[in-house]
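Notes for the one structure printed next.
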Amino acid sequence: MFLRRHPFTVAGLVVIVTLGLLFGSFVTPLGEHAWGERLSYGVPAFADGRWWSVFTGVPFAITPLCYVAVLASFAAFVGLAEHRLGTARTMGIWAIGHVAGVFGAIGLVDLTGSALTSAIDVGPSGGAMAAAAVVTATLPSRWRFWARAGLVTYVVGSLLVIGHLADVVHLVAVAVALPLGPLFVRRAARNTGSDQAIDLLEAHGGGTLSWMTTWPGTEYLYGEDGYVAYRRHAGVAIAVGNPVGSPEWRRNAPAAFAAHCDRNGLVPAWFSVSAETADNAGTHRVQVAEDTLVDLPGLEFRGKKWQDVRTARNRATKDGIQFRMVSLADESLAVKRQVREVSAGWLKSKHTPELGFTLGGVTEAMDPRVRVGIAVDGDGTVHGVTSWLPVLDGNGKPRGWTLDMMRRRAGGFRPVVEFMIAEACLTFQSEGADLVSLSGAPLVRSDRSKVGGIQKGLDLMGRLMEPLYGFASLHAFKAKFQPRTEPLFLVYRGTGDLPRIGVAILRAYLAKPASAEQRRTVPNVLRRPALAPAPLQAGVGRTRTTVLPTGTWPAGLRPAAGLWSAGGPADMPQARRRSARSGSGSPAHARAGR
């Protein structure tokens, strides 16, 4: 078994031992043999035209004692490389490392006029050190840095302390091989197809962020009865929301995801997950947001605490503002144009870049499974738009909705967002939904109990960013709807991963949105019945096209460039609607802040 898996390593060891014994260099220093100098490589050999000595010197060592180090390093480094990368790759790595190391070292010595210009050397250790350098690219990310640091420290230290020609060979071989490591490492093909994810989401249901896992740009780790969705940035795999699937899969998913990341050289991180997922992961956590949930059964806007909401609804009636819950993809071109104008105007008024990742826009709102609430006056002018993502139960039907995009027209009906959210809640309530999520409020915590230094740092960051993004103001706005809150956590392996995770999350939000030409239209798909009240346009086939949901903020609030979505469908035409099982998932990606 060992021979079948390590033929190159075994053959190399056999050649070294056999030739060493055959020519006596295994028991006698090579320099004592008349032919020893002719087999060795170095500046003198190359000056005499013996360039082929780079190959003839491979199976030997300068002294019998050196054979111990030669055999051990060749067996360890080349053997490990062959085990992890395969025979063909290992042969190529060793050959490149050995030849580059010897030629590079001789050239470096000759150019610098070093005292080593008269030195000679033999042995395969240059290729072995190159194999060790490439193998570091296969290690889990938590060990990769330290392995490379140790290897570089060794070759530099040996050169400074010992200063033999072999040490120059090792240094050059490692310097050449380290950057080449990723080229030789097998990487698992990226699984970006969302068909299976949508089937599993319909079969097992999901949380308030789960529909975002169907957006383009997402990669998937599939289990037998579930999946983990993640985005890849800066060498970090950022899992979006809780794992989707059976209870057993949700328990085991963190371990499976960590193993997947180790195999692919990625840092694992769970973003915006519940306490249950954080417990299953069993590593470090820090709260990064609060999900704000409104329970719909028995919801009535009565009492003093609902005064702002009632005022918005009464003013809308007085000003002739009507609320419609629609499928944006089925609306007229005039309505779609106005929605885009409202969104573009809102974005233009902000001084922050358009964001993505867990923030949707008009593109995502074009998905037929996403419901869109619009506020329209008597002249047909759209004053505001919200989009709502389905929160599916285990039967493919929505048990709730998550607010994603909020946008309001500049100079339009002022309390339009309060009005649209209130009307959407009543619409979903009439359809039998259980809850509405107003989405996560980033960097906000209601629980002010004693916390650690990292949590305090995030709290301070939230306060510093408040003038620009208005996290606390957004949270205060959502409080008008008397929500209950649930903490959302970032789960990570250790403090050392946090800087890299922070960069990855920032890059995920700032990733450039796909252009309209790049967004694909999803073919018509068969839908299952979904909850809807009155008559909907039954049997109307819909094309699954995603449009970026974009949200509008209430007047006076800065955009929470926030980390979570905030909107959902209300008041759709009321007929039994069929759920779109997308062949490729909702096309577009998160855009812009709330």
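Just so you know, these numbers use all the heavy atoms, side chains as well, and skip hydrogens, waters and symmetry mates. Index from 1, following the sequence.
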Measure from the side-chain N and O atoms of [X] to the backbone N and O of [Y], and report whether any donor-acceptor pair falls under 3.5 Å.
X	Y	answer
N242	S274	yes
H164	A166	yes
T18	V15	no
T283	Y492	yes
T218	A229	no
R231	I238	no
R251	N280	no
T153	A149	yes
W94	P124	yes
Y222	A197	yes

Is any side-chain heavy atom of [X] closer than 4.5 Å to a side-chain heavy atom of [Y]?
X	Y	result
L178	V152	yes
Y67	S25	yes
L39	F23	no

Next on the checklist: Any donor-acceptor pair under 3.5 Å linking the side-chain atoms of H284 with those of T495?
Outcome noted: no
Next on the checklist: Quick one, V122 with L30, criterion side chain to side chain contact (heavy atoms under 4.5 Å, CB included). Give me CA distance, side-chain angles, the key distance, then yes/no.
Outcome noted: CA-CA 9 Å; V122 290; L30 191 67; 3.6 Å; yes
Item to check | W51 atom CH2: more than 12 heavy-atom contacts under 6.0 Å | outcome: no
Checklist entry - Is atom CG of L111 surrounded by more than 12 heavy atoms (other residues, nucleotides or ligands) closer than 6.0 Å? => result yes
Next on the checklist: Assess the residue pair F103 and V172 against the criterion (side chain to side chain contact (heavy atoms under 4.5 Å, CB included)); give the C-alpha distance rounded to whole Å, side-chain angles, the decisive distance to 0.1 Å, and a yes or no.
Outcome noted: CA-CA 9 Å; F103 277 88; V172 174; over 6 Å; no
Checklist entry - When the aromatic ring centroids of H260 and Y230 are compared, is their separation below 6.0 Å? => result yes
Next on the checklist: Could you go through Y227 and Q196, starting from their C-alpha distance and side-chain angles, then the distance that decides it, and tell me whether this counts as side chain to side chain contact (heavy atoms under 4.5 Å, CB included)?
Outcome noted: CA-CA 9 Å; Y227 69 89; Q196 185 179 352; over 6 Å; no
Checklist entry - So which of I93, V135, T87 actually passes side-chain contact (heavy atoms from CB on, under 4.5 Å) with E82? => result T87
How long is the straight-line distance from [atom2] of [Y] back to [atom1] of [X], given to the nearest 0.5 Å?
X	Y	atom1	atom2	value
I501	R493	CD1	CZ	7.5 Å
D262	T138	CG	OG1	11.0 Å
L183	R89	CG	CZ	10.5 Å
T208	D291	OG1	CG	4.0 Å
I505	F271	CD1	CZ	4.5 Å
Y154	D167	OH	CG	6.5 Å

Checklist entry - How far apart are the C-alpha atoms of M129 and F77, what are their side-chain angles, what is the distance that settles it, and do they pass the side chain to side chain contact (heavy atoms under 4.5 Å, CB included) test? => result CA-CA 7 Å; M129 296 301 292; F77 299 148; 3.9 Å; yes
Checklist entry - Would you call the rings of H6 and H83 parallel, tilted or perpendicular if under 30° counts as parallel and over 60° as perpendicular? => result parallel
